[in-house]
Amino acid sequence: MSNYNARATEAKWQAIWDKMGTFDVTIDPSKPKYYVLEMFPYPSGRIHMGHVRNYTLGDLVARYKRARGFNVLHPMGWDAFGLPAENAAIANNIHPAKWTQENIANMRDQLKSMGLSYDWTRELATCEPNYYQHEQKMFLDFLEAGLIYRKESWVNWDPVEKTVLANEQVIDGKGWRSGANVEKRNLSQWFLKITEYADDLLESIKDLNRWPDRVRLMQENWIGRSEGAHIQFELCGRDDQIDVFTTRPDTLFGASFMAIAANHPLASEMSKKNAQLSNFITDCNRMGTSEADIETAEKVGLDIGIKAKHPFNPSIEIPVFAANFVLMEYGTGAIFGCPAHDQRDLDFARKYNLDVIPVVAPKGANPKTFHIKKEAFVEDGILINSDFLDGMSISEAKSASIKKLAKIGKGKSVVNFRLRDWGISRQRYWGCPIPIIYCDTCGTVPVPNEQLPVILPEDVDFEKPGNPLEHHPTWKIVDCPKCSKKAKRETDTFDTFFESSWYFARFCSAPNDQAFERDATDYWLPVDQYIGGIEHAVLHLLYSRFFTRALKQCGYLSHKEPFKGLLTQGMICHETYQDSDGKWLFPEEAENTNSPVTIGRSVKMSKSKKNVVDPEEIISNYGADTARLFMLSDSPPDRDLDWTDSGIDGAWRYINRLWRMVTEHKIPLPEINTPLPENLSITAGEIHRKIHKTIASVSDDLDKFHFNKAIARIRELTNILESCDQSEAGASWVLRHGFETLVCLIGPMMPHIAEELWQHLGHDTILANTPWPDVNTDFLFENNSTIAVQINGKFKGTITLPRGCKGKEAEKAAMALPKIAETVKNKAVKKIIVVPDRIINVVI
RNA sequence: GCCCCUCUGGCGGAACUGGUAGACGCGCGGGAUUCAAAAUCCCGUUCUCGCAAGAGAGUGCCAGUUCGAUUCUGGCGGGGGGCACCA
């Protein structure tokens, strides 16, 4: 009995695939294409188990589709710009470029040891000028297309990273990477007009039917469409007006105050001669944005000393407050308060002794006696106290109100989005330079085409805090392209989501003089199957959808959706271990210590909790196939997966069992392609049928991404072949057929052992190039079916009937079952339900 | 607060559009092999009662629809996730 030599075998086949260029592809219009892509990694230096799962899933899909006859594009690259490289530069005095290159080299080796079917000729790293230069051109094209603008804006400032964060990068008021409390700062920033596409991004979600519902819903919520109205309130004694956004124009007659954001222009203006207001605004700006701050912050306001006129009745004058709960960034930065029908407005009104006028009453309530006490009335009802709206339902009143506003020129219906424009400026070194020059005479000047690319300088100093580009001695000083006077370069770089928003297109073809060739993207895009973590449900996946639209608008692409199918994989979890002091322990530390260890529940593997297992160690001990099998076996891909040592042992055991079964069978196998013998014994015939059933169900499971089920079916077939009586007539033929089938089916999952066994079975072809086995449906047919018999829905036994048997014949057979006959003996049978080939239910 | 998902043995999970609940694996128990162990192989393994044949219960809880519910409907409870001064 010999153990399978994983290490030698895996190295052997990796070398062969590599040498033969097995997975290198070119455009072939005669074949259907299939583009499989896994989210490319950040080159942190080492792969982790999450990567192993991600790339195992992708490789399975790629190899399976390949076997099914598709021309498969399956590339890999590196999301190589970003903060950790700069942190390493500061901590270890190594240049970010060098650090990144070394990490890439190491991780590439690790990925290669997994036996992944990548076309490595297409490898890219986003930090290379050859990559990032093309997005400088895109930026300029977007700018010209009006998709980019620059504005002074309040931004989320991460005091630790010394950079601006997008809304999406602020989690619970803290920076997503640093965890530091985010502050507000007013900076000049570049923005991408993602809101321009808000409607289309939202509308098209319904067509993404191969995306998980969960992700679609998250994007819908993130875009946050709400229908309402803009209403203009004229101001008493002034020429200007306040513009508000509301979703409840029906409650306009219940308005008893206006509230504007602390950083609303009107508030700033009034604060110039109002010290109290000025202090109030300063207080509001100081307030943090953390969840705790928001929860505990009291809703406060200050009358700014102006009155607004009610749009339907100018004689009604409404006080205007500056308030800390009104956001400049949402809607128009101003609201009207209707305390009777909004809890927050009600609390505010009670606090500042403002009127509470009910304008909607429950159906059937007496309008004269209906009062609001402590709770605002937010349900549906009938309009009251509202002049021409009285008696209407809320939805009738909404449209009537908007209609009237439009008629008198004081409002209109609008759609508002929660989605913000995408701020792309980062005050960091290790990113793509923004191709802009600031000239004192000419203003903001785009870098002309012939001066592109703007290359990141290598000689930078990380000793000083802040952006090294800013304090570089010469780099930022240039001649203005327009007037040739001394001017200054933009020293901000792109948010790294910029790079990941188009890399899938660059994989299609990577010429030097342009981002990609149109022929190639027309052939390969969209990505047929994208695979990655759920954490990118809104950030990367929404930006990419927008970016693809922007590229289409600027004539780069023919498609507007980048990813046709999406699979979001679950996390890898592991038990946690703590010593008596509460210090986290690595799994091997916990095992090898004599002091007491507290075992915590299984949570996502993370460095901070030390509950990690190093893939490299697993691969060198057990081989990549074992690791891959384990990744696919237990849980469906979208669910979390618990890492267990016994689970990996189980996978290793299976691989050895398979090895022994195929290499150490007792009887010789017939030649390859020996036709089906006619004298198969009954058992051999059953096994033959099982082989074809397995091909059918595994194919179906793989199509549906039910990988754990596919493996269960494969193990079933293994069990059957293993216990096959080798003396039966036709056994040797069935064994060969069974082994070959099994080897083909495991090919996409455990490619190395599959190739080795394929060769062992006498083939001189590469399994990776071998078509998927065909199902012969003739062999799936069975003459008899086993049918359950129930009494009143309770299972009593089974009978075997000819396939399709129904009616009296089936009833008779069921009643003949001793257990049924006995139970029914003295009782009247009310009816008998017969579902052919399924069930017979006797009702008594 | 709003929105969404989820709940099946000791564990991960199966069960096609309502039709034999627990496939497959892990773990556990017993046995074979061995001087002994590892490895391997065989048997058993939802729970309760029973030596057994067998009987009863069972998919978070309570109702309902149905000949029949893990699956459909309503309510309650547990776990998880997303959004959130959003006007």
Side-chain angles (χ1 to χ4, degrees), chain A residues 1 3 172 212-222 224 226 228-229 244-248 251 258-259 261 287 289 291 293-295 297-300 323-327 329-338 342-345 347-348 416-418 534 537-538 573 602 629-630 633-636 638-651 653-654 656-657 660 697 700-701 704 706 708-719 722-723 786-799 819 830-844:
Chain A
M1 191 169 76
N3 253 4
D172 295 341
D213 290 341
R214 195 159 59 129
V215 175
R216 296 204 277 176
L217 193 71
M218 279 161 77
Q219 291 213 350
E220 272 170 28
N221 290 339
W222 192 265
S226 59
V244 306
F245 172 72
T246 179
T247 54
R248 294 294 302 272
T251 64
M258 314 271 304
M287 190 184 73
T289 52
E291 191 174 18
D293 289 342
I294 290 167
E295 289 286 310
E298 215 186 334
K299 314 229 175 319
V300 289
N324 64 346
F325 59 87
V326 179
L327 307 172
E329 302 84 47
Y330 186 76
T332 58
I335 62 165
F336 77 79
C338 177
D342 182 289
Q343 193 58 44
R344 192 192 50 201
D345 291 353
D347 296 342
F348 191 81
N416 195 58
F417 293 94
R418 206 195 71 102
I534 184 79
V538 277
C573 300
S602 188
L629 174 59
F630 175 66
S633 295
D634 276 0
S635 298
D638 55 336
R639 260 189 251 183
D640 287 354
L641 175 71
D642 254 320
W643 178 274
T644 57
D645 291 342
S646 53
I648 202 83
D649 284 339
R653 270 202 299 272
Y654 175 77
N656 281 291
R657 252 180 71 201
R660 287 193 299 271
S697 54
D700 189 50
D701 288 335
K704 292 176 179 159
H706 294 167
N708 55 328
K709 285 159 70 179
I711 285 179
R713 299 288 89 84
I714 286 171
R715 293 186 95 126
E716 267 178 9
L717 180 59
T718 311
N719 292 344
E722 210 171 34
S723 57
T786 308
I787 299 170
V789 183
Q790 305 176 327
I791 290 181
N792 292 342
K794 275 202 187 304
F795 173 76
K796 292 294 169 189
T798 59
I799 52 174
K819 217 160 149 188
K830 285 189 193 141
K831 61 173 161 175
I832 302 177
I833 311 246
V834 178
V835 183
D837 304 323
R838 282 257 163 91
I839 203 159
I840 297 171
N841 189 12
V842 181
V843 186
I844 56 173

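Residue numbers begin at 1 in each chain, while the letters A, B, ... track the order of the sequences.
Between rA23(B) and rC43(B), the distance separating the two P atoms is 15 Å to the nearest Å. Rounded to the nearest Å, the gap between the C1' atom of rG60(B) and that of rG77(B) is 8 Å. Spacing between rC16(B) and rG12(B) at atom C1', rounded to whole Å, works out to 22 Å. Distance check on atom P: rA84(B) versus rC3(B) gives 16 Å, rounded to whole Å. Only the P atoms considered, rC2(B) is 36 Å distant from rG10(B), to the nearest whole Å. rC28(B) sits 30 Å from rG80(B) when the C1' atoms are compared, rounded to a whole Å. For the P atoms, the distance linking rC4(B) with rG74(B) amounts to 12 Å, nearest Å. Annotation: rA21(B) and rU59(B) have their C1' atoms spaced 8 Å apart (nearest Å).
Distance CZ (Phe795(A)) to P (rG19(B)): 15 Å, rounded to an integer number of Å. Rounded to whole angstrom, the span from the CH2 atom of Trp643(A) across to the C1' atom of rC26(B) amounts to 14 Å. Here the C1' atom of nucleotide rC26(B) and the CZ atom of Arg657(A) are 14 Å apart, to the nearest Å. Whole-Å rounding puts the Ile787(A) CD1 to rU20(B) P distance at 12 Å. Atom CD1 of Ile714(A) is separated from atom P of rG25(B) by 13 Å (rounded to the nearest Å). Separating the NZ atom of Lys299(A) from the C1' atom of rA84(B) is a distance of 11 Å, rounded to the nearest angstrom. We find that CD of Glu722(A) is positioned 14 Å from C1' of rC24(B), with the value rounded to whole Å. The distance between atom CD of Glu220(A) and atom P of rA84(B), rounded to the nearest whole Å, is 16 Å.
With values rounded to the nearest 0.5 angstrom, Tyr330(A) atom OH is found 10.0 Å from Phe417(A) atom CZ. Distance CG/Leu641(A) to SG/Cys573(A): 8.0 Å, rounded to 0.5 Å. One distance of note links CZ of Arg660(A) with CD of Glu722(A); it measures 8.0 Å at 0.5 Å rounding. In this structure, CD1 in Ile787(A) is found 5.5 Å from CG in Asp837(A), a value given to the nearest 0.5 Å. Atom CG in Asp213(A) sits 12.5 Å away from atom CE in Met218(A) (nearest 0.5 Å).
Syn is the classification of rG9(B), since its glycosidic angle stays within 90° of 0.
Nucleic acid contact class of Asp345(A) (heavy atoms, under 4.0 Å, all strands): none. The residue Thr786(A) sits close to a base: some heavy atom pair falls under 4.0 Å. Leu327(A) comes within 4.0 angstrom of a base, heavy atoms only. Across all strands, Arg214(A) comes closer than 4.0 Å to no nucleic acid atom at all (heavy-atom distances).
The side chain of Arg653(A) places an N or O atom within less than 4.0 Å of a non-bridging phosphate oxygen (OP1 or OP2) of rC26(B).
Without hydrogens or angle criteria, Asp701(A) side chain to His706(A) main chain gives no donor-acceptor distance under 3.5 Å.
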Counting primed atoms, P, OP1 and OP2 as sugar-phosphate and everything else as base, the B/S/- map of nucleotides 8-16 of chain B against protein heavy atoms under 4.0 Å is ----BSSSB
In B/S/- notation (B base, S sugar-phosphate only, - none; protein heavy atoms under 4.0 Å), nucleotides 55-71 of chain B written 5' to 3' is S-----------BS---
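Comparing rC3(B), rA87(B), rC24(B) by their closest approach to the side chain of Tyr330(A) singles out rA87(B). Of the candidate nucleotides rG25(B), rC3(B), rA87(B), rC3(B) has the atom lying nearest to any side-chain atom of Leu217(A). Nearest nucleotide to the side chain of Arg660(A), out of rU40(B), rU20(B), rA84(B): rU40(B). The side chain of Arg418(A) approaches rC83(B) more closely than any other nucleotide in the set rA23(B), rG25(B), rC83(B).
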RNA chain B in dot-bracket form (Watson-Crick or G-U pairs under 3.5 Å, [ ] crossing, | inter-strand) is (((((((..(((......[....)))((((((.......))))))((((....))))..(((((..]....))))))))))))....
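Ion pairing of Asp347(A) with Arg344(A) is absent here, as no side-chain N (NZ or NE/NH1/NH2) approaches a carboxylate O to less than 4.0 Å.
Residues that satisfy the side-chain hydrogen bond (donor to acceptor under 3.5 Å, both in side chains) test with Lys704(A), not counting sequence neighbours, are Asp700(A). Asp645(A) is linked by a side-chain hydrogen bond (donor to acceptor under 3.5 Å, both in side chains) to nothing, counting only residues two or more places apart in sequence or in another chain. With sequence neighbours excluded, the residues satisfying side chain to side chain contact (heavy atoms under 4.5 Å, CB included) with Ile844(A) are Ile791(A), Asn792(A), Val824(A), Lys827(A), Val829(A), Val842(A).
Two residues are said to be in side-chain contact when any heavy atoms from C-beta on lie closer than 4.5 Å; Asp642(A) and Asp634(A) fail this criterion. Between Asn719(A) and Arg657(A), some side-chain heavy-atom pair lies under the 4.5 Å cut-off. Residues Ile335(A) and Asp345(A) form a side-chain contact, since some pair of their non-hydrogen atoms from C-beta on lies under 4.5 Å apart.
Closest-nucleotide positions on RNA chain B for Gly331(A) and Gly797(A) were compared, and the one nearer the 5' end corresponds to Gly797(A).
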Review point. side-chain hydrogen bond (donor to acceptor under 3.5 Å, both in side chains) between Thr718(A) and Tyr654(A): does it pass, once the steps are laid out?
Key: CA-CA 9 Å; Thr718(A) 311; Tyr654(A) 175 77; 2.8 Å; yes
